Amino acid sequence: MNQRLKTYLDAEIASLKSKGIFRMPRVLQTAAGPRVRMDGRDIIQLSSNNYLGLTTHPKVVAAAVRAVEEFGAGPGAVRTIAGTMSLHLELEKRLASFKHTDSALVFQSGFTANVGVVSTLMQEGDLIVSDELNHASIIDGCRLSKADRAVYRHLDYDHLRELLKAARRKSTGKILVVADGVFSMDGDVSDLKAILAACEEHDAIPMVDDAHGTGVMGRGGRGTVDHFGVGDRWDIQIGTMSKAFGVMGGYVCCARELMEFYAHRARPFLFSSSHPPAVVAACSAAVEVMETEPQWHERLWENTRFFKEGLKRLGFNTGGSVSPITPVIIGSGARAARFSDELFARGVFAQGIFFPMVAEEKSRVRTIVMATHTRKDLEEALGIFEEVGRQLGVI
Ligand SMILES: *Cc1c(COP(=O)(O)O)cnc(C)c1O
């Protein structure tokens with residue numbers, strides 16, 4: 001190995017180890033269910049984004065198998081060359097209908113959707129205004145764009161309005177206001193009504209990344225735009241199919257003109273191949289299940305209420321979460337890593353989350369319940385949280 005490279009890497013890795021947060025991912029040996037085998041142990045899974053249990057839903061799995069048999073293993077080309085299959089268009093139609101928008105365009109992942117949608121639309125002379133806790137893929141989309149950037153304090157819409165007002169005094173360019181719908185580290189939610197009002201006051205374009213909102217918030221899981229009832233005036237909704245949909249892929253739901261613009265200009269769409277048939281078909285089936293089997297969404301919320309109240313009753317600091325994501329804020333990174341390890345030793349997996357994902361002193365373990373957890377799973381998990389909490393002096 002190049003000596004300079006080796007010296008650099010050794011220092012980086014030593015720094016992670018000295019902070020007590022060097023961890024390679026644990027290995028899942030079963031499907032992503034509510035109870036899994038991981039690193040050779042049977043555990044209760046509290047770190048999956050498979051909110052509704054759709055990764056293993058029989059209709060979703062069957063759709064994937066059928067599509068491989070009929071359409072083969074891969075798409076054969078980038079979509080704009082020869083890789084757009086009828087399956088892709090069917091999925092986009094279903095997504096648009098589920099979200100009540102004119103159109104949808106599917107990307108390989110939520111990450112590439114954000115990078116493509118933000119960087120393609122926003123040019124030199126434009127401005128992107130972003131919540132300070134927005135997802136890394138939004139931030140990377142901003143970095144790839146030549147537009148100016150401004151950041152408003154987390155959920156602080158007075159600050160957002162100030163920034164917009166100041167910007168409009170100077171500029172007649174496009175302004176994009178972008179926020180996560182549900183924030184992945186804290187489980188709190190953007191107030192889309194407040195964002196829309198600020199956008200309308202200052203002629204800005206509202207965009208939400210509903211990766212953790214879709215399948216979770218709104219009627220039947222239609223997302224935060226539906227939850228806040230702003231659908232008729234909201235321009236851009238991003239989402240992923242790797243979370244509640246239980247599969248893989250990103251999308252933008254928007255007006256037809258915007259979809260057509262992205263289909264001609266967004267670089268991740270133009271220069272990278274799209275989903276293989278099995279994935280597209282599984283995504284379509286997942287949307288259909290969400291529309292026809294509302295019980296999963298209902299159970300997700302029953303479990304959320306039960307588990308969140310349980311953690312609070314035990315005296316844990318669960319922050320401002322109003323979604324199935326409930327952080328248990330511990331303190332330093334080393335302490336949160338230890339907490340996560342102790343949980344694992346007793347049969348619960350809740351991932352430790354450290355800097356740079358969150359501020360060092362707000363290191364945490366993050367819990368996410370699923371519709372398919374039983375009451376017994378959650379009671380057992382609460383018992384283990386209580387034991388570890390007392391052992392480490394967190395409660
Ligand atoms: C997970 C996530 C993404 C990325 O989605 P992938 O499909 O996994 O690439 C984007 N934005 C937010 C807010 C997310 O939580």
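Since the model is a prediction, treat every value here as computed from it, not as a measurement. Residues take their numbers from the sequence shown, with the count starting at 1.
No hydrogens or angles considered: a donor-acceptor pair under 3.5 Å links the side chains of S109 and T112.
Here the CD1-CD1 distance, from I384 to I44, works out to 5.5 Å after rounding to the nearest 0.5 Å. To the nearest 0.5 Å, the span separating CZ on R390 from CD1 on I395 amounts to 4.5 Å.
For the pair R26 and F349, the NZ or CZ position fails the cation-pi test of under 6.0 Å to the six-membered ring centre and within 45 degrees of the ring normal. The side-chain tip of K193 does not point at the ring of F228 from less than 6.0 angstrom away and within 45° of straight on.
Electrostatic pairing of E200 and R233 counts as a salt bridge here, judged by a charged N lying under 4.0 Å from a carboxylate O. For E260 and R256, the salt-bridge test passes: some basic side-chain N is under 4.0 Å from an acidic carboxylate O. Salt-bridge formation is detected for the pair D377/R35: a Lys NZ or Arg NE/NH1/NH2 atom is positioned less than 4.0 Å from an Asp or Glu carboxylate oxygen. Taking 4.0 Å as the cut-off between side-chain N and carboxylate O, D158 and R161 count as a salt-bridged pair.
With D126 as reference, K174 is the one residue of R149, K146, K174 to meet the side-chain hydrogen bond (donor to acceptor under 3.5 Å, both in side chains) rule. Checked against T326 for a side-chain hydrogen bond (donor to acceptor under 3.5 Å, both in side chains), the options R366, E309, K312, K308 give a single hit: K308.
Other residues sharing the hydrophobic cluster of I139, ordered by chain and number and joined by side-chain separations under 4.5 Å: none, the residue standing alone.
The ring pair (Phe, Tyr, Trp, His ring centres under 6.0 Å) check on F183 picks up H154, with sequence neighbours excluded.
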